[in-house]
Amino acid sequence: MAAASASRALWACRAASYLRISSFPRAFSTVLKDLKYADTHEWVKVEGDSATIGITDHAQDHLGDVVYVELPEVGATVSQGKNFGAVESVKATSDINAPVSGEILQVNDELSEKPGFVNGSPYEKGWIIKVKISDPSELNSLMDDEKYKKFCEEEGKH
């Protein structure tokens, strides 16, 4: 029985290699150190008094292939916990909530043409907005990488 199972696994790996697809199931989504995370699955990278915001690898994985990102206007203000945009995928549409309050300094216009960046590079090319943080104390209510990993594991049990 074990030989048959090993043989099927080898065949699957060869087929996946031929088709150029990954044969390894993803056990855990990528969670980066030095970022802060909201319980609504947005991440924040703080640089001085500004922050870059996007959705987490966990969120994009659950959404599936992103086909459209609704972006806000530069100069608008966002409030912690409030909606500022949406991500539409082949499976669903999900609101994007601001993990911190502030004024929008920049939006990732590339996402209009290449929304798949949210899937392929959620922490780099798939960032959504940059804001000037209006209340740095709000960062204290966000999770670090370890707490966020545990949060995702607990969420997966329900």
Side-chain angles (χ1 to χ4, degrees), residues 5 8-47 50-102 104-131 141-158:
S5 178
R8 277 195 302 276
L10 181 61
W11 177 84
C13 284
R14 285 185 179 151
S17 176
Y18 178 76
L19 296 171
R20 291 187 169 87
I21 58 174
S22 173
S23 60
F24 299 102
R26 289 180 57 168
F28 296 104
S29 299
T30 302
V31 176
L32 300 182
K33 289 182 184 272
D34 303 322
L35 298 182
K36 294 286 195 172
Y37 298 90
D39 61 5
T40 50
H41 303 287
E42 291 85 15
W43 57 265
V44 179
K45 180 180 182 182
V46 179
E47 298 165 294
S50 67
T52 303
I53 297 168
I55 67 167
T56 65
D57 188 38
H58 179 83
Q60 72 76 26
D61 191 42
H62 283 274
L63 279 169
D65 294 337
V66 173
V67 295
Y68 178 74
V69 180
E70 179 187 313
L71 298 168
E73 296 290 321
V74 171
T77 57
V78 294
S79 298
Q80 185 179 47
K82 303 291 185 202
N83 170 291
F84 70 80
V87 176
E88 188 175 318
S89 74
V90 294
K91 291 182 186 177
T93 298
S94 181
D95 288 339
I96 310 167
N97 297 313
V100 293
S101 301
I104 299 172
L105 301 172
Q106 190 177 354
V107 297
N108 188 351
D109 289 322
E110 274 195 279
L111 297 179
S112 297
E113 295 294 319
K114 299 175 183 171
F117 280 167
V118 171
N119 295 114
S121 182
Y123 299 113
E124 292 174 14
K125 292 181 180 179
W127 64 273
I128 298 171
I129 62 172
K130 294 187 181 190
V131 301
S141 66
L142 302 175
M143 294 177 266
D144 65 13
D145 59 309
E146 290 301 318
K147 285 182 183 170
Y148 183 67
K149 283 179 196 175
K150 288 179 183 155
F151 175 78
C152 290
E153 288 170 14
E154 288 299 315
E155 191 178 65
K157 292 177 184 176
H158 297 96

Could you pull out the closest heavy-atom pair between [X] and [Y], with the gap in Å?
{"X": "Ser94", "Y": "Leu63", "result": "CB-CD2, 3.7 Å"}
{"X": "Asn119", "Y": "Val66", "result": "OD1-N, 2.7 Å"}
{"X": "Pro115", "Y": "Ser112", "result": "CD-O, 4.3 Å"}
{"X": "Pro99", "Y": "Gln80", "result": "O-NE2, 2.8 Å"}
{"X": "Ser101", "Y": "Ser79", "result": "OG-CA, 3.4 Å"}
{"X": "Phe84", "Y": "Val78", "result": "CB-CG1, 3.6 Å"}

Below 4.5 Å, heavy atoms only, C-beta onward: do [X] and [Y] meet side chain to side chain?
{"X": "Ile128", "Y": "Ile53", "answer": "no"}
{"X": "Gln60", "Y": "Ile55", "answer": "yes"}
{"X": "Thr56", "Y": "Val31", "answer": "no"}
{"X": "Val107", "Y": "Pro72", "answer": "yes"}
{"X": "Cys152", "Y": "Lys149", "answer": "no"}
{"X": "Glu124", "Y": "Phe117", "answer": "no"}

| query | Is it true that Lys150 and Glu153 make a salt bridge, defined as a side-chain N closer than 4.0 Å to a carboxylate O? | reply |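 Salt bridge between Lys150 and Glu153, a charged N being under 4.0 Å from a carboxylate O: no.
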
| Is the backbone of Tyr68 close enough, under 3.5 Å, to the side chain of Glu88 for a donor and an acceptor to pair up by distance? |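 It does not hold such a pair.
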
| field | Contacts of type salt bridge (charged side-chain N to carboxylate O under 4.0 Å, His left out), residue Glu73, not counting sequence neighbours | value | none

| Taking atom CD of Gln106 as the centre, does the number of heavy atoms from other residues, nucleotides or ligands within less than 6.0 Å exceed 12? |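 Above 12, so yes.
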
| message | Surrounding NZ of Lys114 (heavy atoms of other residues, nucleotides or ligands, distance under 6.0 Å), is the total greater than 12? | response | no

Identify all side-chain donor-acceptor contacts of residues 32-39 below 3.5 Å with residues at least two apart in sequence or on another chain.
from  : atom 1 : to    : atom 2 : distance (Å)
Tyr37 : OH     : Leu32 : N      : 2.8
Tyr37 : OH     : Leu32 : O      : 2.6

| request: Mind checking the CD-CG spacing from Glu42 to Asn97? Nearest 0.5 Å is all I need. | output: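 The CD atom of Glu42 sits 5.0 Å away from the CG atom of Asn97.
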
| request: Working to the nearest 0.5 Å, report the span between CD of Glu70 and CG of Asn83. | output: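 It comes to 7.0 Å.
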
| request: Please check if any side-chain donor atom of His62 sits under 3.5 Å from a side-chain acceptor atom of Glu155, or the reverse. | output: no

| Set of residues satisfying side chain to side chain contact (heavy atoms under 4.5 Å, CB included) with respect to Asn108, sequence neighbours excluded | Glu110, Leu111, Trp127

| query | What class does the angle between the rings of Trp43 and Tyr123 fall in, given that below 30° is parallel, 30 to 60° is tilted and above 60° is perpendicular? | reply | tilted

